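Working notes, beginning with the structure itself.
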Amino acid sequence: MSGSNIIIPRRRFLTGAALGGSGLLLSGCDALTEDARFRSVLRTGEALNKGAHRLIMDRGALAPEFNESDMSPTFKANGSISGGTPEYAAHVADKFARWSLRIDGMVKNPQNFDLKTLMGMPSREQITRHDCVEGWSAIGKWRGTPLRLLLQAAGLSTRARFIVFHCADQWGPGMPYYESVDLIDAFHPQTILAWSMNDGILPVKHGAPLRLRVERQLGYKQAKYVMRVEATDDLSKFYGGKGGYWEDAHDYDWYAGI
Amino acid sequence: MEQAELKPGDVVKRHRLSTRLWHWTNALTLLVMLMSGLMIFNAHARLYWGDYGANDDKAWLVIDDAGDNGFVELAGVRVETTGVLGIWTNPEGEVKRRAFPYWVTIPSGYDLQAARRWHFTFAWILAVALTLYMLRSLWNGHVRNDLHIRKSEWSLGHIWHDIKDHARLRFPTGAAAKDYNILQKFAYISVIFIMLPLIIMTGLTMSPAMNAAWPWLLDLFGGRQSARSIHFLCAFGLVGFFFVHMAMVVLAGPVNEVRSMITGKYRLPGKAELAPEPVHVEGDPA
């Protein structure tokens with residue numbers, strides 16, 4: 001394009017170049033997204049974000065808490081909303097009377113806590129914001145047993161590094177929901193196993209009888225229908241090895257603080 | 001800088017190396033941020049004000065589909081956008097019910113997690129490059145000498161005069177073209193010191209961990225969903241800037257302008273090049 005020409009060819013050239021460029025860019029980006037090496041480059045973002053958050057944030061820094069007047073009129077129920085399996089349905093039918101939470105793995109005294117025992121323990125109430133990875137938020141009131149009390153009661157081993165939450169809902173054959181957190185989040189004062197929501201018993205669609213609240217992370221970490229809490233030193237032993245259902249099945253970030 | 005008889009046709013050094021590096025880094029980074037951001041937006045194509053907001057809550061912007069029609073609903077007013085927004089056909093001929101079409105998103109097929117990876121990795125490039133550029137520009141006088149709006153420019157008469165000149169496509173020539181005019185200063189200052197910092201800060205505000213670390217972010221923007229809305233508005237502010245920027249580059253002589261952002265050298269335009277006439281760049285291999 002020597003420029004002595006009229007403007008039209010140039011404009012056409014620019015439009016063409018822009019369209020061609022964007023097409024090239026799109027297919028290029030799609031190819032890069034599929035490329036394993038590039039994916040691992042992109043994954044450095046996750047490590048950087050977690051590192052940066054841990055650097056600037058006090059370990060015990062609290063997620064914002066709200067007033068009753070700030071609560072969502074309706075709290076959206078997302079993901080599994082029924083728990084699924086026949087065993088779980090039987091627990092629902094007898095109001096979780098024969099249900100108990102198992103705590104085991106790297107603990108000195110593996111043990112079970114039934115719902116009545118959990119509800120009789122010291123509890124924490126918090127009105128917090130739930131942020132879905134999709135972008136929406138809902139504010140609700142939760143009451144539950146601080147996870148650290150249960151881990152202390154069971155005598156957490158000094159070798160344990162992660163706490164894994166096994167859930168009742170199945171997302172495919174041999175694919176139960178599960179999630180995990182590190183010990184910083186496990187011992188955080190706002191990390192509770194909630195049995196109450198918005199002043200009532202935790203409803204089935206929100207994860208009855210017990211739902212994890214780990215308030216500095218996104219919604220997919222807030223495991224519903226928690227049946228068993230297992231302490232471990234290595235997440236690669238579980239299912240797909242990435243520490244959670246969404247992490248295994250859809251490559252979501254294990255650290256969901258962003 | 002050498003004074004006196006700068007005249008049309010003279011070649012001057014216009015853009016510093018830091019400006020050129022940052023410009024092209026940004027061009028790529030912002031494009032990736034926008035396109036991966038639109039994919040993330042596709043996961044929940046509704047915007048709210050305040051702390052919370054989900055499907056049952058009142059949204060000020062919705063992109064959705066109803067039956068065979070796609071639409072955008074802004075403050076309750078519906079505009080049909082079938083084929084482009086809300087409902088569109090992908091290259092394989094499949095009808096997709098998502099807000100933004102494949103040709104503006106990264107990746108082109110729906111993939112929230114991949115888009116998040118792109119977005120949060122390039123966010124580091126955006127934030128670090130902006131910080132370095134701001135510091136460099138304070139240090140090397142770019143802010144003081146080029147962007148700083150002088151007292152004499154702060155008059156409605158002067159600004160109005162400049163608006164009229166732009167509207168008539170009457171651009172400065174000769175030595176006057178060497179400096180940014182008031183509208184350029186407004187545009188560049190708003191991008192560097194307002195929109196980019198705002199889009200980064202509102203991005204941080206959407207992170208639940210950042211809310212625990214820096215709770216004042218929520219107070220500053222009026223809640224997480226407000227921050228998300230402002231983030232989106234800033235993104236479209238930047239898209240608006242991009243289109244005006246492109247129009248100005250084309251009108252002012254694209255070869256000369258693009259060359260100045262690559263090599264730093266700029267040929268001062270003369271009377272003959274006022275209109276959308278193409279520039280003649282003799283000896284230019286392009």
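Labels below follow one simple rule: chain letters A, B, ... track the order of the sequence lines, proteins then strands, and each chain is numbered from 1. Everything quoted here is computed from the prediction, not taken from an experiment.
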**Report entry** Residues, nucleotides or ligands: over 12 heavy atoms within 6.0 Å of B/Phe243 CZ
**Finding:** no
Report task. For the residue pair B/Tyr102 and B/Trp88, categorise the inter-ring angle as parallel (less than 30°), tilted (30 to 60°) or perpendicular (more than 60°). Result -> tilted
Requested in this report: Answer with yes or no after comparing the ring centroid distance for B/Trp118 and A/Phe38 against a 6.0 Å cut-off, counting only values under it.
Outcome: yes
Query - Heavy-atom pairs under 4.5 Å with chain A, option from B/Phe41, B/Tyr52, B/Tyr48 with the top count - result: B/Tyr52
Query raised in the report: Distance under 6.0 Å and angle within 45° of the ring axis: does A/Arg211 meet both against A/Tyr225?
Result: no
Query raised in the report: Between B/His44 and A/Trp136, how do the two ring planes meet: parallel, tilted or perpendicular, split at 30° and 60°?
Result: tilted
Query raised in the report: Is any side-chain heavy atom of A/Thr128 closer than 4.5 Å to a side-chain heavy atom of A/Ile139?
Result: no
Report summary line: Rounded to the nearest 0.5 angstrom, the CD1-OG1 distance for B/Ile230 and B/Thr205 is 8.5 Å
Query raised in the report: Under a 4.5 Å heavy-atom cut-off, does chain A meet the side chain of B/Leu47, its backbone, both or neither?
Result: neither
Query raised in the report: Taking everything shown except A/Ile81 itself, do over 12 heavy atoms lie less than 6.0 Å from its CD1?
Result: no
Query - A/Glu215 portion near chain B, given a 4.5 angstrom heavy-atom threshold - result: backbone
**Report entry** Best-contacting candidate, A/His130, A/Met71, A/Arg39, against chain B by heavy atom pairs under 4.5 angstrom
**Finding:** A/Met71
Query raised in the report: Hey, are B/Asn211 and A/Arg129 close enough side-chain-wise for a donor-acceptor pair under 3.5 Å?
Result: yes
Query raised in the report: Taking only heavy atoms into account, what residues of residues 250-258 of chain A are found under 4.5 Å from chain B?
Result: A/His250, A/Asp251, A/Tyr252, A/Asp253, A/Tyr255, A/Ala256, A/Gly257, A/Ile258
Report task. Indicate yes or no: at least one non-hydrogen side-chain atom of B/Asn90 is less than 4.5 angstrom from one of B/Trp103. Result -> no
Query raised in the report: Taking C-beta and beyond as the side chain, do A/Arg216 and A/Ile184 meet within less than 4.5 Å on heavy atoms?
Result: yes
Query raised in the report: Between B/His166 and B/Phe171, how do the two ring planes meet: parallel, tilted or perpendicular, split at 30° and 60°?
Result: perpendicular
Query raised in the report: Which answer fits B/Leu218, side chain, backbone, both or neither, if we ask what part of it has an atom under 4.5 Å from a heavy atom of chain A?
Result: side chain
**Report entry** Residue list, ring-ring contact (aromatic ring centres under 6.0 Å, His included) with A/Trp142, at least two apart or on another chain
**Finding:** A/Phe75
Query raised in the report: So which part of B/Thr105 gets closer than 4.5 Å to some heavy atom of chain A, the side chain, the backbone, both or neither?
Result: backbone
Report summary line: If you tally heavy-atom pairs under 4.5 Å between each of B/Met206, B/Met210, B/Met246, B/Arg116 and chain A, the highest tally belongs to B/Arg116
Query raised in the report: Among A/Val181, A/Leu210, A/Val214, whose side-chain contact (heavy atoms from CB on, under 4.5 Å) with A/Phe165 holds?
Result: A/Val181
Requested in this report: Could you list which of residues 40-68 of chain A have a heavy atom closer than 4.5 Å to any heavy atom of chain B, in residue-number order?
Outcome: A/Val41, A/Leu42, A/Arg43, A/Gly45, A/Glu46, A/Leu48, A/Asn49, A/Ala52, A/His53, A/Ile56, A/Met57, A/Ala61, A/Leu62, A/Ala63, A/Pro64, A/Phe66
Requested in this report: Specify which of A/Leu32, A/Asp131, A/Thr33 makes the most heavy-atom pairs with chain B at under 4.5 Å.
Outcome: A/Asp131
**Report entry** Test of ring centre spacing under 6.0 Å for A/Tyr245 and A/Tyr177
**Finding:** yes
Query raised in the report: Do B/Trp24 and B/Asn26 meet the criterion of a side-chain donor-acceptor pair at a distance under 3.5 Å?
Result: no
**Report entry** A/Phe187 vs A/Pro146 side-chain heavy atoms within contact, under 4.5 Å
**Finding:** no
Query raised in the report: So which residues of residues 190-206 of chain A are in contact with chain B at a heavy-atom cut-off of under 4.5 Å?
Result: none
Requested in this report: Determine whether B/Met201 and B/Leu220 make a side-chain contact, defined as any pair of heavy atoms from C-beta on separated by less than 4.5 Å.
Outcome: yes
Report task. Against chain A, work out which of B/Arg228, B/Gln225, B/Arg224 has the most heavy-atom pairs shorter than 4.5 Å and name it. Result -> B/Arg224
Query - chain A contacts, top residue of B/Phe122, B/Trp124, B/Phe120 (heavy-atom pairs, under 4.5 Å) - result: B/Trp124
